[in-house]
Amino acid sequence: MQGSRGVAVISTLAPLALVLLALLPPLARAEPKAQSCSEVKAAYGSKGFAANDVPSQGLSGVQLKVCPQGLTCCTLEMEEKLSQRSHSDLKAPVDQLSSNIHAMFTERHRHFDQFFRELLINAERSLNDMFVRTYGQMYMKNAELFGNFFRELNRYYVSGSAAVNLDAMLADFWADLLERMFRLVNVQYEFPDEYMECVSRHTEQLRPFGDVPRKLRLQLTRAFVAARTFTRGLELLPEAVGKVSAVSTSPGCARASMKMLYCPYCSGQVALRPCQNYCLNVLRGCLANQADLDSEWNNFLDAMLSLAERLEGPFNFESVMDPIDVKISDAIMNMQENSIQVSQKVFQGCGQPKPAREFRSTRSIKEGGFTGRFRPYSPDARPTTAAGTSLDRLVTDVKKKLKQAKKFWSTLPDMVCTGDWVAPVDECWNGTAKSRYESVLTGSGLANQVSNPEVEVDITKPDVLIRRQIAALRDMTSRLKAAHSGNDITVETEEDGSSGGESGSGCQLPSCDEDRDIFFSTPTPLKPQKPTKPHTKEEKRKEENGKARANVAVSPVSPSSTVLALAGVAAVLLVPQR
């Protein structure tokens with residue numbers, strides 16, 4: 001009876017045993033690599049962690065917070081360490097791509113800034129050398145006038161209209177030059193300061209230098225506004241990149257990066273790489289705010305490209321600065337040739353001056369006046385000595401780089417999720433296993449992350465720093481567009497060009513600090529106003545504008561006045577040296 005009962009029990013358990021035996025092979029096949037963690041141990045140790053922390057055999061992953069909780073080679077402590085490492089690994093390619101574009105435009109900014117500064121130095125040196133050879137001591141006694149002219153041009157290039165009113169500076173330069181020349185072509189008279197104030201107020205109406213001041217003002221204004229604005233734009237590019245390229249450290253991004261990069265380790269598949277669309281969803285979530293920068297970034301680059309074309313054409317800084325010595329010389333010669341008429345207009349408007357007490361008639365007189373002229377200027381023969389290159393070469397190169405930088409932020413995830421970073425479609429990690437990734441690809445930008453299946457992103461909290469850079473780019477775009485029309489809307493308050501901030505006026509990067517002031521030291525301050533003059537020349541010109549038009553009237557030249565003026569021409573300042 002007992003034997004029959006035993007047979008009955010065995011016959012009852014037999015089907016159950018068969019069922020259990022049938023289930024065992026699939027369990028063994030589900031995680032074949034997780035049974036041994038030797039590969040994980042080696043890979044974990046290669047990351048700089050303690051290899052002994054890795055279990056020899058797979059364990060239950062119920063304690064894990066991110067990775068699948070089946071049979072695993074990871075402990076909770078390993079998961080936490082790998083999670084921290086995953087953020088660095090995700091950040092590395094983003095940093096590399098950002099560093100490339102940062103370095104590229106840092107170098108271009110340095111090239112342009114160096115070129116423009118050296119052009120200023122070369123122009124001043126050329127004028128000085130030529131005027132010393134041609135005019136000798138007479139020029140050297142008045143050289144500070146021209147030195148101050150170039151210092152103010154440099155200050156304007158560095159700091160813009162916040163430091164120097166370019167129109168007023170140029171007007172003062174021509175007024176000062178007229179005063180000095182007027183005294184020297186009329187040495188037989190005494191001219192007190194009050195009289196010369198009257199002369200300077202009438203500079204525009206007298207037009208003693210012909211049309212040169214008007215043309216040069218237009219050329220200098222356009223060229224300087226374009227050059228300095230373009231250089232500030234090149235400075236803002238790496239500055240913006242340096243401030244906004246950091247990958248999000250949010251909990252959602254940290255979790256997603258761990259799941260994508262190191263959960264395959266925990267399953268024993270250390271060589272398994274993520275699916276491309278899976279990678280894109282993670283990167284688009286972690287770089288959502290950067291993608292929102294793209295629209296204003298592209299507008300800014302378009303404005304830079306447009307202004308670059310102006311630099312190649314009508315606003316060419318090089319073609320304005322290189323022949324400036326010739327242009328100023330032409331103005332001086334025009335004054336010499338018309339000194340009689342100019343003097344008579346002044347005497348008519350400002351009154352007849354008193355004769356000098358001691359007029360030395362024995363002064364050296366060279367009859368025939370000034371006959372020498374400078375070499376003719378040919379735009380086709382522009383030198384390329386400034387910074388060892390030319391503006392055309394610099395602009396051609398930077399235009400290519402600007403075009404390459406378009407859509408940088410929206411395509412940054414695509415540039416990361418390529419090559420060795422991802423695996424073929426059917427042989428990749430999809431977040432849970434080695435299989436095809438089936439989730440929908442999320443769009444770029446913060447608003448699109450509401451449906452991102454891989455990263456939890458709070459779309460109600462935009463990144464403040466990135467929003468500030470969007471505003472800075474928008475502001476610089478406005479300046480670039482204004483410069484395209486020859487207008488300066490600079491609002492810097494620092495005269496040394498180092499105010500920085502969001503205006504794009506100064507460079508805050510270490511690399512820019514190292515490259516600063518390669519050619520110039522701190523700009524020389526403006527010459528102090530004479531204490532006897534309570535107002536600036538610009539203010540007095542405006543104040544006396546009505547009087548000037550009424551007083552300076554063309555009148556017939558009297559014989560006696562002609563004789564006096566002719567005597568003055570003989571003693572002119574700028575007599576060529578033989």
Side-chain angles (χ1 to χ4, degrees), residues 131 134-135 138-139 141-142 145-146 149 168 170-217 326-356 359 363 365-374 537-538 540-542 544-576:
F131 277 36
T134 309
Y135 303 132
M138 288 300 182
Y139 160 71
K141 290 177 181 178
N142 296 277
L145 172 64
F146 300 93
F149 170 73
L170 291 171
D172 284 347
F173 168 74
W174 294 113
D176 286 345
L177 184 59
L178 173 61
E179 285 186 27
R180 294 173 189 239
M181 291 193 67
F182 187 78
R183 286 181 187 274
L184 289 159
V185 299
N186 293 284
V187 292
Q188 69 274 32
Y189 295 113
E190 284 186 352
F191 296 106
D193 288 343
E194 292 76 11
Y195 194 96
M196 296 313 299
E197 286 280 345
C198 178
V199 175
S200 66
R201 287 198 300 268
H202 298 332
T203 304
E204 292 182 9
Q205 288 76 32
L206 291 168
R207 298 190 67 208
F209 303 109
D211 206 31
V212 174
R214 184 191 67 82
K215 289 182 178 179
L216 192 59
R217 179 189 64 81
V326 178
K327 294 176 182 179
I328 293 176
S329 172
D330 286 343
I332 291 171
M333 289 187 291
N334 192 83
M335 167 65 182
Q336 291 173 309
E337 292 166 359
N338 296 285
S339 59
I340 298 174
Q341 293 88 339
V342 170
S343 295
Q344 287 307 306
K345 289 180 182 180
V346 171
F347 296 160
Q348 185 72 22
C350 299
Q352 190 69 28
K354 295 179 180 180
F359 174 63
R363 271 183 181 251
I365 297 175
K366 295 191 181 275
E367 296 183 358
F370 181 84
T371 57
R373 287 184 178 271
F374 290 133
K537 290 179 180 178
E538 182 186 10
K540 289 192 175 183
R541 276 198 301 274
K542 291 179 180 179
E544 300 290 336
N545 191 41
K547 295 181 182 178
R549 290 175 180 164
N551 291 339
V552 183
V554 178
S555 60
V557 181
S558 65
S560 59
S561 298
T562 303
V563 172
L564 292 172
L566 284 171
V569 171
V572 71
L573 162 65
L574 304 174
V575 177

Shortest non-hydrogen separation from Arg183 to Asp193 and the atoms involved
NH2-OD1, 4.0 Å
Could you tell me which non-hydrogen atom of Cys350 sits nearest to which non-hydrogen atom of Val199, and how far apart they are?
SG-N, 4.0 Å
Can you check side-chain contact (heavy atoms from CB on, under 4.5 Å) on Leu170 and Leu216, steps first, answer last?
CA-CA 9 Å; Leu170 291 171; Leu216 192 59; 5.7 Å; no
Going by side-chain contact (heavy atoms from CB on, under 4.5 Å), name the residues that satisfy it together with Arg207, two or more places apart in sequence or in a different chain.
Asp211
For the OG1 atom of Thr203 and the CZ atom of Arg201, what is their distance to the nearest 0.5 Å?
10.5 Å
Going from CG on Asp172 to OG on Ser200, what distance comes out if it is rounded to the nearest 0.5 angstrom?
8.5 Å
Within the side chain of Tyr195, is there an N or O that forms a donor-acceptor pair under 3.5 Å with the backbone of Glu190?
no
Rounding to 0.5 Å, atoms CD (Glu179) and CG (Leu184) come to a distance of 12.0 Å
For Ser343 versus Val185, what's the shortest heavy-atom pair and its separation?
OG-CG2, 4.3 Å
Pair Tyr189, Gln352 - check side-chain contact (heavy atoms from CB on, under 4.5 Å), show working.
CA-CA 9 Å; Tyr189 295 113; Gln352 190 69 28; 3.4 Å; yes
Heavy-atom closest contact (Phe191 atom, Met196 atom, distance)
CB-SD, 3.5 Å
Applying side-chain contact (heavy atoms from CB on, under 4.5 Å), run through Met335 and Val342 and close with a yes or a no.
CA-CA 8 Å; Met335 167 65 182; Val342 170; 4.3 Å; yes
Working for side-chain contact (heavy atoms from CB on, under 4.5 Å), residues Val212 and Trp174:
CA-CA 10 Å; Val212 174; Trp174 294 113; 4.3 Å; yes
Between Phe182 and Leu206, is there a side-chain heavy-atom distance shorter than 4.5 Å?
no
Identify the heavy atoms of Phe209 and Ala331 that sit nearest to each other, and give their distance.
CD2-O, 3.2 Å
The reported gap from NZ in Lys345 to NE2 in His202 (rounded to nearest 0.5 angstrom) is 12.0 Å
Work out which heavy atom in Glu337 is nearest to a heavy atom in Gln341; give both atom names and the distance.
O-OE1, 4.2 Å
With sequence neighbours excluded, tell me which residues meet ring-ring contact (aromatic ring centres under 6.0 Å, His included) with Phe149.
Phe173
